Asker: 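Pasting a structure here, questions to come.
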Amino acid sequence: MLKNYIKIAFKVMLRNKLFTFISLFGICFTLLFLILITAAVDYSFGPVAPETKLDRTLSITMGMLETESGSNSMGPLFSPWFFRKYVKTLTTPAKISISSYFNSDVIYHEDKKIKLGIKYTDAEFWEICDFNFLEGKEYSAEEVAGTAAVAVINQRLRNEYFGDKPAVGEILEYNDKRFRVLGVVENVSILRIMPYADLWVPLGHSDTDLDFPTLIGGFPGWYAWLLAESTSDFPAIKAEFQQKLQHIEFPEGRFCKILTNATSYQEALARQFFRNEDGNIGPFMLVLLGLVAIFMLLPAVNLVNINISRIYERASEIGIRKAYGASSITLTGQFLVENIIITLIGGILSIILAAVILNIFNHSGILADTILTINYRVFLTSLGFAVFFGIVSGVYPAYKMSRLLPVEALEGGE
Amino acid sequence: MISLKGIEKVYRTDKIETTALRNIDLEVAQGELVSVMGPSGCGKSTLLNIMGLLDKPTHGEVLIENALVNNYGDIRLAKLRNQKIGFIFQSFHLINDLSVVDNVELPLIYRLMPNKKRRELALAALERVGLSTRTRHFPNQLSGGQRQRVAIARAIVGNPEIILADEPTGNLDSVMGNEIMDILLMLNQEQGTTIVMVTHDEHLAIKTQRVIRLFDGAQVS
């Protein structure tokens, strides 16, 4: 039966070349857009180096502090003091790291202005992340404890600052300090916002007083990473953290309530869609989601219309099939199979197109060091989109068709 | 085999109401070959469509082998059509995108059957109607008479007990018409298939065992 359906599907596609072209164009364009978004989202949130241990990592980033009067502060607002006192002391994670987000800055060297992102980290940062060292190594826990003037830089900064030469042991001047370069790592895309920087130095070099008792950490924001032995430890880690928060001090005096969580990447991503205490960029993601929905809906409506026209053109065939024993459900199945076949063809075409576009994008340097690819996750998600699109645009026409009496269908669907 | 009791069919639009069939009581016995005659628009095709469960009567009962089928749902009706009834239409109603043999296989794809067996039965049906050399052709490569033979092969491939033919020779010349009629007679006589045939042609009607005449939606004989 399936062979018969597939045979018919191809015949119909070849018979109505204009309809087929319009359908394929709509499907291709929509899926292409979705594949590109999926590739970008996958690159930003999937387990891409140096964040290869994402599946075992929890992060504490966003949160909310509420005052007695009910006003509140939200965002990535916690201080190093908070993280050192209430996070670093957790016993359930295998490793705990505290770092700042990157801070954009410039340095002037030999008449050159070099833009860079600087990040303050502890030694555990290098153990949780999987950086690829081109030369040298990371700084140690002792060097972090002693706020040694040492640094890790990326390949781009090395090339701009030192020329294309080995940099380990060389001195890099930043903010009137002389940092000895310990290691050089491969560049990281800015889409990987947690590990991204050009220059990494020990925590103590930050202007923020790490020991000053305050909950709010200030610009550029701080976060903690908790590496678990396995995902099965997540509930225990989360519970221990919440337990700590029960007895928290409020050194500022004005706050009385704190809300924050240790979340996996998936949870953090999901939170962006449903604004709550942890997210203040929720509305942006909702707008993005809305745009995606509209983008998918419009071609789907168009395809529904085309499919209805196609169905009425084939009313006689439907009548014949009904007369010879096809039930409405069988015919609905046939029509869905046909529709899924055409959307899968559109899906494959759009994956090929997306591969070409991503290749051009990757070589264009629009987003430095960002290599968007169609890996198996993107591929499967795209296929999922195609099948979903095929079903959505096929169900209504199939339902309409199934309501025809055989005699009506034989007479041309009138 | 087929019983119609008090059948009435009314077509309603916003402005007018047309009665296509009124108070039809009819019995067709197993193995009978019956023709239905009457002027154009008298309700012959509507009657055949109701017998074949392709259309629903406005009032009245349709019984197939003494089972009242009026209230059957879509799936049961589809199964009944598939197992018991074969249709032959004036305008052939073949699927142009499918080859001759694929068209003939159509009723069998809605039964659980291995592909090989289905193909064997379809080829055997085509052999019976004398079209075994045209199995790979497409309908638009055949003459009218050949297309109707394909339609007959499709109607008989599932070995139904009833064949309903709506002016099967209407689009054919007299020579081809006679050939088609001979095939129907053979099916009736050799296999005991119950056949109800709508026709305008008295010469064909004479060959049937009984003629039902309709006029303005009512049975007159």
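Chain letters run A, B, ... following the sequence lines, proteins first and then strands; every chain starts at 1. What's counted below: heavy atoms across the whole structure, side chains too, no hydrogens, waters or symmetry copies. Worth saying up front: this structure is predicted, and the values here are computed from it rather than measured.
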Asker: Could you tell me whether B:Leu68 atom CG has more than 12 heavy atoms of other residues or ligands within 6.0 Å of it?
Answerer: yes
Asker: Would you say B:Asn140 has more than 12 foreign heavy atoms packed within less than 6.0 Å of its CG?
Answerer: yes
Asker: Would you indicate whether B:Tyr11, at its atom OH, is surrounded by more than 12 heavy atoms from other residues, nucleotides or ligands within a distance under 6.0 Å?
Answerer: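 Yes, the 6.0 Å shell around OH holds more than 12 heavy atoms from other groups.
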Asker: Looking only at non-hydrogen atoms, find the nearest pair between A:Lys322 and B:Arg81 and report the distance.
Answerer: O-NE, 2.9 Å
Asker: Please collect all salt bridge (Lys or Arg N to Asp or Glu O under 4.0 Å) contacts where either partner lies in residues 334-357 of chain A, sequence neighbours excluded, each pair once.
Answerer: A:Arg314-A:Glu338
Asker: Please classify the contact between B:Arg154 and chain A as side chain, backbone, both or neither, with a heavy-atom cut-off of under 4.5 Å.
Answerer: both
Asker: Sub-3.5 Å donor-acceptor pair from the side chain of A:Tyr324 to the main-chain atoms of B:Phe87, do we have one?
Answerer: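 Checked: pair present.
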Asker: Might you confirm whether atom OH of A:Tyr396 has over 12 heavy atoms from other residues, nucleotides or ligands at distances under 6.0 Å?
Answerer: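 Open: at most 12 neighbouring heavy atoms sit under 6.0 Å from OH of A:Tyr396.
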Asker: Take atom CZ in A:Phe29; do more than 12 heavy atoms of anything else shown fall under 6.0 Å from it?
Answerer: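 Count not over threshold, so no.
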Asker: To the nearest 0.5 angstrom, please state how far the CG atom of B:Asn49 sits from the CG atom of A:Leu405.
Answerer: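 So the gap between those two atoms works out to 10.0 Å.
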Asker: With a 4.5 angstrom heavy-atom cut-off, which part of B:Leu94 approaches chain A: side chain, backbone, both or neither?
Answerer: backbone
Asker: Is a donor on one side and an acceptor on the other found under 3.5 Å between the side chain of B:Asp55 and the backbone of A:Val407?
Answerer: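 Not confirmed, B:Asp55 side chain does not pair with A:Val407 backbone.
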Asker: Let's test your reading of the structure: which of B:Asn82, B:Leu53, B:Ile85 forms the most heavy-atom pairs below 4.5 Å with chain A?
Answerer: B:Asn82
Asker: With a sphere of 6.0 Å drawn around CD of B:Gln191, does it hold more than 12 non-hydrogen atoms of other residues, nucleotides or ligands?
Answerer: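 Atom CD in B:Gln191 is crowded, with more than 12 foreign heavy atoms closer than 6.0 Å.
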Asker: For B:Tyr110 versus A:Ala326, what's the shortest heavy-atom pair and its separation?
Answerer: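 Closest approach of B:Tyr110 to A:Ala326: CZ-CB, 3.4 Å.
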Asker: Can you name the closest pair of heavy atoms from B:Leu54 and A:Pro406 and give their distance?
Answerer: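 Taking B:Leu54 first and A:Pro406 second, the nearest heavy atoms are O-CD, 3.4 Å.
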Asker: Provide the closest heavy-atom pair for A:Ile320 versus B:His93 in the form atom of the first, atom of the second, distance.
Answerer: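 Between these two residues, the closest heavy atoms are CD1-O, 2.9 Å.
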Asker: I'd like to know whether CZ of A:Phe379 has more than 12 heavy-atom contacts from other residues, nucleotides or ligands below 6.0 angstrom.
Answerer: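 No, because the 6.0 Å sphere around CZ of A:Phe379 holds 12 heavy atoms or fewer from other groups.
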Asker: First locate atom OG of A:Ser316, then atom CD1 of B:Ile95, and finally report the distance between them rounded to the nearest 0.5 Å.
Answerer: 8.0 Å
Asker: Is there side-chain contact between A:Arg321 and B:Ile109, with at least one heavy-atom pair below 4.5 Å?
Answerer: yes
